[in-house]
Structures are given as structure tokens and as C-alpha cells.
Trainee: 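Below: one structure in C-alpha cells.
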Amino acid sequence: MTADPSMSGDFTRMLDATMAALRTVGPPPGDDADTPAVGEAADGQVRAEMGPDGRLRSLHVEPRLMRLGSEELTAHVVTAVNAAIDGLRTTLAPQVADMSQLREQLREVRDTAVPRLGSFLDALTEAQERLARGTQR
């Protein structure tokens with residue numbers, strides 16, 4: 001008895017596609033995972049940096065802005081911090097999309113390859129039983 005080569009080829013292609021999808025879900029290679037998201041306000045005079053963990057890493061305010069009233073100054077700080085948070089969200093968003101692609105690939109493996117493997121195992125079991133009975137087909 002020989003296995004159907006198309007079954008093994010289909011299964012291999014599906015597993016390769018799933019592995020490729022898994023690679024896209026991981027963190028980007030290199031130091032990109034540690035690069036902060038930056039937001040600015042007041043023409044770059046207020047700068048906020050958010051780490052990938054969502055925490056504020058640094059906040060820089062040009063000294064001459066200290067002459068502004070507290071309401072205006074804090075409004076610029078809030079704008080810069082919110083821009084940094086938005087930047088952080090956009091860098092994380094593609095990973096969510098990749099997860100849906102991965103789920104679809106795994107669903108395809110489950111729906112296609114698992115039944116084929118079940119048929120293959122049934123054929124092996126049947127062949128083993130025939131050999132045990134001493135009959136050949």
C-alpha cells in the first residue's frame with residue numbers, strides 16, 4: 001500500500017502556509033520591538049515617547065513654553081501624549097490582522113488535512129488487519 005502523494009503535498013503546503021503566518025505574528029526582528037512611539041505638539045516643542053509596554057518613557061518640553069499658562073501648556077502635553085499613544089496603537093494593529101489570517105490558515109488545516117489524515121490512518125489500520133488475518137488483496 002502506498003500513500004496518495006497529493007495528500008502529503010497538500011498537507012505540506014498547508015503547514016508551510018501556517019508556519020509563514022506564524023512568523024508574521026511574532027515581534028519584528030531587530031531592535032524595532034524596543035523603538036518608542038513618539039508624539040509631538042506645539043510644532044515639536046513638546047515631545048512624548050511611549051514604550052512598547054504602553055508606559056510613558058519620556059516627556060520633553062522646550063523651556064520657553066514654560067512661559068505659557070498652565071492650561072495651554074497641559075493641553076500641548078496631552079496632545080503629544082495622545083499622539084504617542086495613537087502611534088503605539090498603529091504599530092500593534094498589524095499583529096491583530098495577522099492573527100485573523102493565522103486563524104483562517106489553522107481552520108483550513110483542521111478542515112482539510114485532519115480528515116485526510118484520518119482516512120490515511122484508517123487505510124493503514126485496514127492493511128494491518130488484513131496482514132494479521134493472513135489475507136492479501
Trainee: In this structure, are over 12 heavy atoms from other groups packed under 6.0 Å from D43 atom CG?
Mentor: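 Check fails, neighbour count at 12 or below.
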Trainee: Any non-hydrogen side-chain atom of R57 less than 4.5 Å from a side-chain atom of P52?
Mentor: yes
Trainee: Report the residues that fulfil side-chain hydrogen bond (donor to acceptor under 3.5 Å, both in side chains) with E104, sequence neighbours left out, ordered by chain and then residue number.
Mentor: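 Partners of E104 under the side-chain hydrogen bond (donor to acceptor under 3.5 Å, both in side chains) test: R107.
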Trainee: My understanding is that only residues two or more places apart in sequence, or in another chain, count here; which of them pass salt bridge (charged side-chain N to carboxylate O under 4.0 Å, His left out) with E62?
Mentor: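 Here no residue qualifies.
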Trainee: Please answer: with hydrophobic residues joined when any side-chain heavy atoms are less than 4.5 Å apart, are V81 and M66 in the same cluster?
Mentor: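 Cluster IDs for V81 and M66 match.
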Trainee: Once rounded to the nearest 0.5 Å, what's the spacing between atom CG of L59 and atom CD of E49?
Mentor: 10.0 Å
Trainee: When clusters are formed by joining ILVMFWY residues with side-chain heavy atoms under 4.5 Å apart, either directly or through shared neighbours, do V61 and L68 land in the same one?
Mentor: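 They do share one cluster, since a chain of ILVMFWY contacts under 4.5 Å joins V61 to L68.
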Trainee: Within this structure, what is the CZ-CD distance for the pair R130 and E126, rounded to the nearest 0.5 Å?
Mentor: 5.0 Å
Trainee: Apply side-chain contact (heavy atoms from CB on, under 4.5 Å) to A84 and list each qualifying residue two or more places apart in sequence or on a separate chain.
Mentor: A48, M50
Trainee: Scan for side-chain hydrogen bond (donor to acceptor under 3.5 Å, both in side chains) pairs involving residues 75-84, sequence neighbours excluded, and state none if there are none.
Mentor: none
Trainee: Distance check, rounded to the nearest 0.5 Å: R47 atom CZ versus E40 atom CD?
Mentor: 5.5 Å
Trainee: Looking only at heavy atoms, what is the nearest atom pair of V46 and L65, with distance?
Mentor: CG2-CD1, 3.5 Å
Trainee: For E72, what residues pass the salt bridge (charged side-chain N to carboxylate O under 4.0 Å, His left out) criterion, not counting sequence neighbours?
Mentor: none
Trainee: With R55, which residues qualify under salt bridge (charged side-chain N to carboxylate O under 4.0 Å, His left out), at least two apart?
Mentor: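 With sequence neighbours excluded, R55 shows a salt bridge (charged side-chain N to carboxylate O under 4.0 Å, His left out) to no residue whatsoever.
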Trainee: Rounded at 0.5 Å granularity, tell me how far CG in D53 sits from CG in L88.
Mentor: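 Answer rounded to 0.5 Å: 8.5 Å.
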Trainee: Output the distance between atom CG (L73) and atom CD (E71), rounded to the nearest 0.5 Å.
Mentor: 11.0 Å
Trainee: Shortest non-hydrogen contact from G87 to A37?
Mentor: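 Distance-wise, the nearest heavy atoms are C-CB, 3.8 Å.
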